[in-house]
There are 2 protein chains.
Amino acid sequence: MAFSKKEEFNRNDIWLADVAKALSHPARIKILKILTGMNDCMCGDIVELLPLSQSTVSQHLKELKSVGLITGKIDGPKVCYCINKANLQKAKSEIDKLFNQVCAC
Amino acid sequence: MAFSKKEEFNRNDIWLADVAKALSHPARIKILKILTGMNDCMCGDIVELLPLSQSTVSQHLKELKSVGLITGKIDGPKVCYCINKANLQKAKSEIDKLFNQVCAC
DNA sequence: ATCGTTAATCGTAAATATACGATAGATGGA
DNA sequence: TCCATCTATCGTATATTTACGATTAACGAT
């Protein structure tokens with residue numbers, strides 16, 4: 001069988017897992033780093049810095065956006081992608097909380 | 001096409017992505033929390049606390065073990081699973097480093 | 001109004017992940 | 001020795017992810 005049982009877990013663990021999933025591909029980690037270095041960054045700029053096609057990069061951006069780690073503002077024919085600091089901060093603190101619980105680091 | 005391009009990214013980003021992937025299912029997050037509460041914990045104990053079959057739990061344990069977040073010591077017919085504090089600490093500090101880079105939290 | 005640029009979405013293919021039951025292998029006890 | 005217990009692995013089915021090219025849609029400029 002293969003319909004997911006994810007929903008049977010608690011809300012916060014599901015949310016943490018979703019954030020972790022957003023970070024679970026090196027392209028998406030690199031995209032976050034790229035967005036950090038450039039304040040005003042469109043999809044095409046990112047495509048040039050990755051070994052992936054435009055459509056694939058667009059999919060990765062969509063995943064990061066869907067969990068709120070980045071935002072995309074429409075700017076004419078372009079889209080300006082930015083880091084979402086508030087949500088990253090929240091993600092960081094929840095991940096820290098998990099690690100502190102789990103290993104008392 | 002669909003053979004992965006992950007290897008074309010840098011080592012550290014790949015490692016971070018692998019750790020994040022290990023955390024990308026709520027069952028695995030819950031397993032980490034369960035192992036924290038119980039010092040000496042066998043697979044069967046975990047199965048009872050999750051809405052999943054024994055074989056599925058075994059697979060999740062294998063994934064956590066493969067990135068080094070937990071260890072499994074054979075103890076007679078049982079296997080004693082434990083948190084790997086050293087590796088969790090390393091994971092925590094690398095994830096922190098990423099977040100600090102990216103959002104200056 | 002048409003053209004070029006930009007990015008999302010569609011359609012598709014292949015790989016990987018999630019889940020289960022059944023089986024196999026290893027151990028300890030009767 | 002034989003049995004019960006425990007867990008990994010096998011085989012399998014379905015869902016999701018990764019990746020691409022082609023197309024669509026939206027905009028600005030000519």
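Residue numbers start from 1 in every chain, and the chains themselves are labelled A, B, ... in the order their sequence lines are given, proteins ahead of strands.
Here the C1' atom of nucleotide dT17(D) and the NE2 atom of H25(B) are 14 Å apart, to the nearest Å. Atom-to-atom, CG of L64(A) to P of dT18(D) comes out at 11 Å; the value is rounded to the nearest Å. Atom P of nucleotide dG28(D) and atom CG of D75(A) are separated by 9 Å, given to the nearest angstrom. Rounded to whole Å, atom C1' of dA19(C) lies 16 Å from atom CD of E7(A). Summarising the geometry, the separation between NZ on K5(A) and P on dA13(D) is reported as 19 Å, rounded to the nearest angstrom. A straight line from CG of L23(A) to P of dT18(D) spans 12 Å, rounded to a whole angstrom. As a whole-Å value, the separation of K73(B) NZ from dT27(C) P is 18 Å. To the nearest angstrom, P of dT18(C) lies 12 Å from CD1 of I29(B).
A side-chain donor-acceptor contact under 3.5 Å links K5(B) to the backbone of P51(A). Judged by distance alone, the side chain of D75(B) and the main-chain N or O of C80(B) form no donor-acceptor pair under 3.5 Å.
Using a 4.0 Å cut-off, no side-chain N or O of H60(A) falls inside it from OP1 or OP2 of dT17(D). Phosphate contact (OP1/OP2 of dA17(C), side-chain N/O of K21(B), threshold under 4.0 Å): present.
Relative ring orientation between H25(B) and F9(A) is described as perpendicular, the plane-to-plane angle rising above 60° on a 0-90° scale split at 30° and 60°.
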All N/O contacts under 3.5 Å from nucleotides 5-9 of chain C to the protein, with atom names and distances to one decimal?
residue: dA7(C); atom: OP1; partner: C43(A); partner atom: N; Å: 2.9
residue: dA7(C); atom: OP2; partner: G44(A); partner atom: N; Å: 2.6
residue: dA8(C); atom: OP1; partner: Y81(A); partner atom: OH; Å: 2.2
residue: dA8(C); atom: OP2; partner: S58(A); partner atom: OG; Å: 2.6
residue: dA8(C); atom: N7; partner: Q54(A); partner atom: NE2; Å: 3.0
residue: dA8(C); atom: N6; partner: Q54(A); partner atom: OE1; Å: 3.0

*Take N100(B) and K92(A), measure what side chain to side chain donor-acceptor pair (under 3.5 Å) needs, and give me the verdict at the end.*
CA-CA 9 Å; N100(B) 287 337; K92(A) 190 201 171 188; 3.2 Å; yes
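Every pair passing salt bridge (Lys or Arg N to Asp or Glu O under 4.0 Å) that includes a residue from residues 16-32 of chain A is listed here, sequence neighbours excluded: R28(A)-E63(A).
Taking CG of L23(A) as the reference point, atom CG of L32(A) lies at 6.5 Å (rounded to 0.5 Å).
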